[in-house]
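Only one structure is covered here, and it is reproduced in the block below.
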Amino acid sequence: MHTALILRPRLRYTLLLVLLLVSACAPIPFLSGEVRMSAEELTQRMARRFPMEKSVAGLLDVTLASPRVDLSEKDNRITTSFQIAAKMPLAGKSLTGNLKVSGRPEYVPESRSLFLRDPQVEQLRLDNMSDALSAALAKTISSVAREALADRPLHIFQPEDFTKYGIQYVPDKILVRGDHLVLTLRK
């Protein structure tokens, strides 16, 4: 009887050890292996980096403010809408409006940053703009916006974003899945 009591705890420990070894070989569900951000979270993180001002040879000053992010899983794109203010100091004119730019998400490992690549201006609307100024101004503002977004990260990840339960992960690829931007991680 005394021997049976001693074997029971040993048997329990052995079974526990076997279960731990088996579970180590299988994927662990509570370690997601990805960093997820909703459009709202990305909007909040981007808002910290704006407003952004850009000048074109002192002839045009453009300010992008109040970013709002939408995600499209269908074509793996991020669309960002901004309030825009354009000032033409020499002409003494100021215009306001909205700008919508889309592009594909890209993670750059060297800076741990998320960039909008291949930005395309989807929509530019300026209030009270005459037709004579429309085409030239729209082209210049579109160019400034694309250039600014190509050079400026939308978000910078922190090293702890890639560490889960003491395990260090390496970012692998970034994509839009449902209503989230997902950076997949690998060991």
Side-chain angles (χ1 to χ4, degrees), residues 32-89 93-129 137-164 169-185:
S32 69
E34 57 189 30
V35 177
R36 299 170 59 90
M37 281 188 287
S38 68
E40 182 60 33
E41 289 170 317
L42 188 53
T43 296
Q44 291 172 0
R45 292 174 184 184
M46 279 183 64
R48 297 179 203 145
R49 307 180 75 75
F50 287 84
M52 183 196 67
E53 298 175 357
K54 193 95 170 163
S55 182
V56 179
L59 300 173
L60 179 66
D61 298 325
V62 178
T63 302
L64 300 177
S66 305
R68 193 182 58 101
V69 174
D70 292 307
L71 302 171
S72 173
E73 181 177 16
K74 181 177 71 172
D75 50 2
N76 197 44
R77 289 181 78 78
I78 298 174
T79 301
T80 308
S81 302
F82 297 96
Q83 291 178 355
I84 188 167
K87 294 179 186 170
M88 297 176 280
K93 289 192 177 235
S94 293
L95 302 167
T96 59
N98 297 302
L99 173 70
K100 188 181 286 188
V101 180
S102 72
R104 64 179 173 78
E106 181 181 320
Y107 174 75
V108 177
E110 297 79 22
S111 61
R112 294 186 323 270
S113 300
L114 169 65
F115 283 90
L116 189 67
R117 294 297 189 219
D118 305 322
Q120 302 292 318
V121 174
E122 302 290 331
Q123 179 183 16
L124 173 61
R125 185 187 56 76
L126 293 172
D127 301 326
N128 303 320
M129 184 172 66
L137 193 56
K139 185 176 180 179
T140 304
I141 290 173
S142 296
S143 176
V144 166
R146 280 192 307 270
E147 187 179 303
L149 290 171
D151 295 341
R152 188 180 190 118
L154 302 179
H155 175 66
I156 298 173
F157 293 93
Q158 299 304 312
E160 55 269 14
D161 291 333
F162 307 136
T163 304
K164 305 240 185 203
Y169 288 89
V170 177
D172 190 25
K173 64 181 177 178
I174 194 158
L175 53 99
V176 176
R177 189 183 314 142
D179 60 349
H180 282 79
L181 185 66
V182 178
L183 178 61
T184 59
L185 306 172

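For this chain, numbers begin at 1 and follow the sequence in order. Predicted, not measured: the structure shown is a model, and the values here were computed from it.
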According to side-chain contact (heavy atoms from CB on, under 4.5 Å), who are the partners of [X], at least two apart in sequence or on a separate chain?
X: Ser143; result: Arg146
X: Lys87; result: Asp61, Ser94
X: Glu41; result: Met37, Ser38

Going by side-chain hydrogen bond (donor to acceptor under 3.5 Å, both in side chains), name the residues that satisfy it together with [X], two or more places apart in sequence or in a different chain.
X: Glu73; value: none
X: Glu122; value: Ser102
X: Asp70; value: Arg68
X: Arg177; value: Glu34

_Between Ser113 (side chain only) and Val108 (backbone N and O only), is there a donor and an acceptor less than 3.5 Å apart?_
no
*Is there a donor-acceptor pair under 3.5 Å between the side chain of Ser72 and the backbone N or O of Arg77?*
no
Identify the heavy atoms of [X] and [Y] that sit nearest to each other, and give their distance.
X: Thr63; Y: Pro51; value: CG2-CB, 4.0 Å
X: Pro105; Y: Asn76; value: CD-O, 3.3 Å
X: Pro153; Y: Phe115; value: N-CE2, 3.5 Å
X: Pro119; Y: Leu116; value: CD-O, 4.0 Å
X: Ser111; Y: Ile156; value: O-CG2, 3.8 Å

Once rounded to the nearest 0.5 Å, what's the spacing between atom [atom1] of [X] and atom [atom2] of [Y]?
X: Thr96; Y: Ile84; atom1: OG1; atom2: CD1; answer: 10.0 Å
X: Leu95; Y: Asp127; atom1: CG; atom2: CG; answer: 8.5 Å
X: Thr80; Y: Leu154; atom1: OG1; atom2: CG; answer: 6.0 Å
X: Lys100; Y: Thr79; atom1: NZ; atom2: OG1; answer: 7.0 Å
X: Lys173; Y: Thr184; atom1: NZ; atom2: OG1; answer: 5.5 Å
X: Leu181; Y: Ile78; atom1: CG; atom2: CD1; answer: 5.0 Å

Considering residues at least two apart in sequence or located in another chain, which fulfil the salt bridge (charged side-chain N to carboxylate O under 4.0 Å, His left out) criterion with [X]?
X: Asp161; value: none
X: Arg49; value: none
X: Lys54; value: Glu147

*Name all pairs fulfilling the salt bridge (charged side-chain N to carboxylate O under 4.0 Å, His left out) condition that reach into residues 102-112, sequence neighbours left out, sorted by first residue then second.*
Arg104-Glu106, Arg104-Asp118, Glu106-Arg117
*Can Gln83 and Phe50 be said to form a side-chain contact (heavy atoms from CB on, under 4.5 Å), step by step?*
CA-CA 11 Å; Gln83 291 178 355; Phe50 287 84; over 6 Å; no
_Partners passing ring pair (Phe, Tyr, Trp, His ring centres under 6.0 Å) against Phe157 (at least two apart in sequence or in another chain)_ =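 Scan of Phe157 (ring pair (Phe, Tyr, Trp, His ring centres under 6.0 Å), adjacent residues dropped) gives Tyr107, His155, Phe162.
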_side-chain contact (heavy atoms from CB on, under 4.5 Å) between Leu114 and Leu183, worked out_ = CA-CA 10 Å; Leu114 169 65; Leu183 178 61; over 6 Å; no
